[in-house]
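Since this is a predicted model, take the numbers as computed values, not measurements. Here is how names work: the chains are called A, B, and so on, in the same order as the sequence lines, proteins then strands, and each is numbered from 1.
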Amino acid sequence: MRTHLCGRLDASHVGSQVRVCGWVAKRREHGEHLAFVDVRDHTGIVQCVVPGTVDVRSEYVVAVSGTVRHRPEGTTNPDLATGEVELGDCEVEVLSAAEPPPFAVDDRVDADEAVRLRYRYVDLRRPRMQRNLRLRATVLGALRASMDAQGFCEVETPLLWAPTPEGAREFAVPSRLHHGSFYVLPQSPQLAKQLLMVAGMDRYYQVARCLRDEDLRADRQFEFTQLDLEASFVGQDDVLDAVSAAVTRAVEAVTGEPVPPVARMTWAEALDRFGTDKPDLRFGMELADLSDVFAGTGVKAFAAPAVKALVVAGGAQTSRSRLDGWTDRAKALGAKGLAWFRVGDGGALDSPLDRFLADGERAGLVAATGAGPGDLVLVVADEHRTACTVLGTLRVEIGGRPVGEGPFRYVWVVDFPLFDGVDDEGRPQAAHHPFTMPHPDDLGLLESDPLAVRSQAYDLVLNGWELGSGSVRIHRADIQGRVFRALGITDEEAEARFGFLTGAFRAGAPPHAGFAVGVDRLVAILAGEENIREVIAFPKTQSGADPMTGAPRPLAPGTLAALGLRALPPPS
RNA sequence: GGACCUGUGGUGCAGUUUGGAGUGCACGCCGGCCUGUCAAGCCGGAGGUCGCGGGUUCAAAUCCCGUCAGGUCCGCCA
């Protein structure tokens with residue numbers, strides 16, 4: 001049907017009789033003797049010259065036959081990859097007419113999100129979206145190639161799985177053959193891949209779709225894709241090396257540039273220096289610790305377990321309304337307030353709190369933050385965790401840049417805590433999941449001080465986005481029992497929830513560890529996109545709807561009945 | 001569950017602060033002209049429930065209340 005792709009034509013084809021197919025990007029008529037038709041396919045646009053008039057409109061699907069020729073002197077178009085040449089003496093065959101598009105198929109315009117998604121098949125014609133989807137395919141191919149080369153075996157696991165309470169809210173699938181019972185869609189293949197280790201697969205990976213019924217964000221969709229992997233007889237460093245190799249290969253496949261070794265820091269260090277477990281290392285603005293400066297202070301606002309500070313270089317001129325906005329933001333993030341100090345010459349401070357400060361505190365604040373004249377110091381006093389995370393968020397919002405803007409700064413965050421706070425009944429909550437191996441040095445604290453126990457869990461972070469996480473798993477029944485007890489899970493509950501897993505472990509479980517890379521996020525960053533919707537062919541809106549298909553939609557009563565279901569009326 | 005932003009011909013926006021005739025800009029669409037354009041150009045034209053509902057007012061795109069949709073975020077995401 002065609003001999004060449006539009007965007008591939010260049011001077012080397014001059015003189016060739018060719019036929020290209022695609023969509024009409026633009027038509028320019030110059031009377032009855034000359035018309036230009038720009039034809040677009042996934043490779044680009046080529047200008048076709050018709051000696052007469054041509055009855056086509058934008059987005060018509062056409063096949064154009066013509067002769068490749070140099071453009072006349074002075075009419076080349078440097079903005080077009082094919083701008084040196086054109087197709088001359090063209091015959092245009094309309095393969096399919098088209099209505100005017102709901103919005104221009106053009107990277108220069110950005111229509112409303114709902115309109116783009118409703119006409120996603122048009123939206124995806126835009127060069128930007130074509131590039132993103134093809135970049136995604138490149139990344140997936142490189143990831144698979146790396147895993148294969150490292151001796152991992154791709155295994156598919158079920159989408160119809162069993163409910164295992166804990167963790168993310170699950171999507172339920174009613175059973176037709178067992179009325180009143182349900183499958184759930186996996187929030188990840190976590191348990192399946194551990195079973196594969198018991199099964200002796202040794203090294204498993206999968207490009208796996210994961211489904212979580214939680215509220216959507218710019219970096220979160222109901223369904224998302226992970227490069228999921230697990231290996232036997234390995235430790236943490238082996239997993240980090242394997243994942244680094246795969247991600248490095250994918251990034252190099254896209255950028256063509258080598259990836260430097262991935263940095264590493266502990267979770268505690270990340271929290272203390274950057275106020276987050278996913279630090280963006282592209283810029284400084286590290287948090288300062290003023291806890292010692294204000295220990296035993298008379299300033300009520302600073303009488304807290306921790307006092308942390310953030311320096312905004314040259315921020316002394318920040319308007320009062322902007323400062324008030326940051327204060328509101330800090331409160332929304334859980335702080336009791338936000339103190340600010342404009343630094344003047346000679347360490348003078350301009351702040352509503354200044355008159356309450358002792359001289360030593362004033363000097364200590366300047367010294368500990370390293371702030372100079374013209375700078376602004378933001379201070380939060382609170383529990384250590386809160387003080388750090390609030391300023392960590394402000395750090396990114398004040399000083400940060402779009403995630404896809406280079407350079408790419410990867411970092412492993414290791415030694416996460418095993419438990420992350422306590423629930424309403426005072427029981428520790430698993431920070432990663434209940435099968436995560438405690439740090440060997442902290443095993444003795446499991447009963448006496450569980451919240452101080454570190455785990456062998458780790459995250460891969462890129463430019464402030466969590467790219468994935470993993471852990472060394474528990475393979476010994478005695479340790480698993482101690483962790484379950486720390487979580488307040490009785491033997492009976494453990495048997496009811498995870499009996500198939502604990503049963504499998506009694507069959508001989510190898511030491512194993514694994515990881516999962518968030519492919520959507522990785523691709524988005526590499527594509528320079530701030531939102532993973534831009535790298536997913538058919539995503540949902542923030543309210544979980546698909547404007548194109550109308551999903552979710554009610555089922556016909558008969559369909560419901562066949563599933564043994566009856567829908568409640570919507571709440572009034 | 002909560003906070004904030006947005007909603008105006010097919011698309012993107014201005015108009016909303018300080019109420020006064022659906023006023024304006026760019027693109028697109030339809031018709032005409034045009035032999036080297038490329039975001040073509042020139043002339044003419046069509047196209048509107050100002051998201052929806054209610055309220056205030058002599059008068060509402062504009063003010064108030066509610067609601068829906070899209071977005072960003074908090075909670076949530078083992």
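Relative ring orientation between A/Phe171 and A/Phe222 is described as perpendicular, the plane-to-plane angle rising above 60° on a 0-90° scale split at 30° and 60°. In this pair, A/Tyr121 and A/Tyr119 present their aromatic rings perpendicular. The plane angle is above 60°, beyond the 30 to 60° band. Relative orientation of the A/Phe515 and A/Tyr458 rings is parallel, given thresholds of 30° and 60° on the angle between their planes.
If you check every strand for non-hydrogen atoms under 4.0 Å, A/Thr541 touches sugar and phosphate atoms only. In this structure, A/Ser543 reaches the sugar-phosphate backbone alone: every heavy-atom distance under 4.0 Å involves primed, P, OP1 or OP2 atoms, never a base. In this structure, A/Pro72 reaches the bases: a heavy-atom distance under 4.0 Å links it to at least one base atom across the strands shown. The residue A/Asp328 sits apart from the nucleic acid: no heavy atom pair falls under 4.0 Å. A/Glu86 comes within 4.0 angstrom of a nucleotide base, judged by non-hydrogen atoms across all strands. Across all strands, A/Ala35 comes closer than 4.0 Å to no nucleic acid atom at all (heavy-atom distances). Looking at heavy-atom distances under 4.0 Å, A/Ala104 makes no contact with the nucleic acid at all. Using a 4.0 Å heavy-atom distance criterion, A/Thr76 is classed as a base contact.
Stacking of the aromatic ring of A/Phe36 onto the base of B/U37 is found: the ring centres lie under 5.5 Å apart and the planes are inclined by under 30°. A stacked arrangement is assigned to A/His30 and the six-membered base ring of B/A40, with a centre-to-centre distance below 5.5 Å and an interplanar angle below 30°.
In this structure, B/U23 forms a base pair with B/A14, meeting either the Watson-Crick or the G-U wobble geometry with both donor-acceptor distances under 3.5 Å. Judged by Watson-Crick or G-U wobble contacts below 3.5 Å, the nucleotide B/C76 has no partner. Across all strands shown, B/C33 pairs with B/G41; the Watson-Crick or G-U wobble distances both stay below 3.5 Å. Base-pair partner of B/A69: B/U6 (Watson-Crick or G-U wobble, both distances under 3.5 Å).
When the nucleotides B/G36, B/G70, B/U11 are ranked by their closest atom to the side chain of A/Ala111, B/U11 comes out on top. With B/C76, B/G36, B/G70 as the choices, the nucleotide that has an atom nearest any side-chain atom of A/Arg217 turns out to be B/C76. The side chain of A/Ala218 has B/C73 as its nearest neighbour among B/C73, B/G36, B/U11. The nucleotide whose nearest atom lies closest to any side-chain atom of A/Leu333 is, among B/C74, B/U11, B/C77, B/C74.
Screening A/His512, A/His433, A/Gln194 against A/Arg473 for a side chain to side chain donor-acceptor pair (under 3.5 Å) leaves a single residue, A/His433.
For the P atoms, the distance from B/G19 to B/A61 is 14 Å, rounded to whole Å. Comparing B/A3 with B/C65, their P atoms sit 13 Å apart, to the nearest whole Å. Only the P atoms considered, B/G12 is 28 Å distant from B/U18, to the nearest whole Å. For B/U6 and B/C63, the P atoms lie 11 Å apart once the distance is rounded to whole Å. Here, B/G55 and B/C4 have their P atoms 26 Å apart, quoted to the whole Å. The same atom, C1', is picked in B/C29 and in B/G48; the two are 15 Å apart, to the nearest Å. Annotation: B/U67 and B/A59 have their P atoms spaced 26 Å apart (nearest Å). On the P atoms, B/G47 is 22 Å away from B/G53, given to the nearest whole Å.
With hydrogens and angles ignored, a donor-acceptor pair closer than 3.5 Å exists between the side chain of A/Arg69 and the base of B/G36. In the interface, the side chain of A/Gln47 is paired with the base of B/U37 through a donor and an acceptor atom under 3.5 Å apart. A donor and an acceptor atom never sit less than 3.5 Å apart when one is taken from the side chain of A/Arg57 and the other from the base of B/G28. At a cut-off of 3.5 angstrom, the base of B/G41 holds no donor-acceptor pair with the side chain of A/Glu29. With hydrogens and angles left out, the side chain of A/Arg27 and the base of B/C38 share no donor-acceptor pair within 3.5 Å. Between the base of B/G71 and the side chain of A/Asn531 there is no donor-acceptor pair shorter than 3.5 Å. A donor N or O paired with an acceptor N or O is not found under 3.5 Å between the base of B/C77 and the side-chain atoms of A/Arg212. Between the side chain of A/Arg71 and the base of B/C38 there is at least one donor-acceptor pair of N/O atoms closer than 3.5 Å.
Using modelled atom types and a 3.5 Å distance limit, the side chains of A/Gln456 and A/Thr436 yield no donor-acceptor pair.
Between A/Glu86 and A/Val68, the closest side-chain pair of non-hydrogen atoms is not below 4.5 Å. For the pair A/Asp546 and A/Thr541, the minimum side-chain heavy-atom distance is 4.5 Å or more.
For B/A40, one of the phosphate oxygens OP1 or OP2 lies less than 4.0 angstrom from a side-chain nitrogen or oxygen of A/Arg28. For A/Lys26 and B/G28, the shortest distance from a side-chain N or O to OP1 or OP2 is below 4.0 Å. Side-chain N/O atoms of A/Thr75 include none lying less than 4.0 angstrom from OP1 or OP2 on B/C38.
Spacing between atom CZ of A/Phe171 and atom C1' of B/C76 amounts to 13 Å, rounded to whole angstrom units. As rounded to whole Å, 14 Å separates atom P of B/U72 from atom CZ of A/Arg329. One interatomic measurement links the two molecules: CG of A/Asp520 to C1' of B/C77, which rounds to 14 Å at whole-angstrom precision. The CG-P distance, from A/Asp38 to B/A40, rounds to 8 Å in whole Å. Between the CZ atom of A/Arg126 and the P atom of B/G12 there is a distance of 11 Å, rounded to whole Å. Rounded to whole angstrom, the span from the CD atom of A/Glu214 across to the C1' atom of B/C74 amounts to 14 Å. Taking atom CG of residue A/Asn77 and atom C1' of nucleotide B/C38, one finds them 6 Å apart after rounding to whole Å. One atom, CG of A/Asp112, and another, C1' of B/C5, lie 13 Å apart when rounded to the nearest Å.
Closest heavy-atom contact between A/Ala486 and A/Phe419: CB-CZ, 3.7 Å.
Aromatic rings from A/His4 and A/His13 are positioned such that their centres are separated by under 6.0 Å.
Comparing A/Gly544 and A/Arg521, the nucleotide of RNA chain B nearest to each residue sits closer to the 5' end for A/Gly544. Toward the 5′ end of RNA chain B lies the nearest nucleotide of A/Arg533, the other residue of the pair A/Arg533 and A/Asp215 mapping further downstream.
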Chi angles and distances behind the side chain to side chain donor-acceptor pair (under 3.5 Å) call for A/Gln47, A/Arg28: CA-CA 10 Å; A/Gln47 171 169 285; A/Arg28 295 179 294 279; 2.9 Å; yes
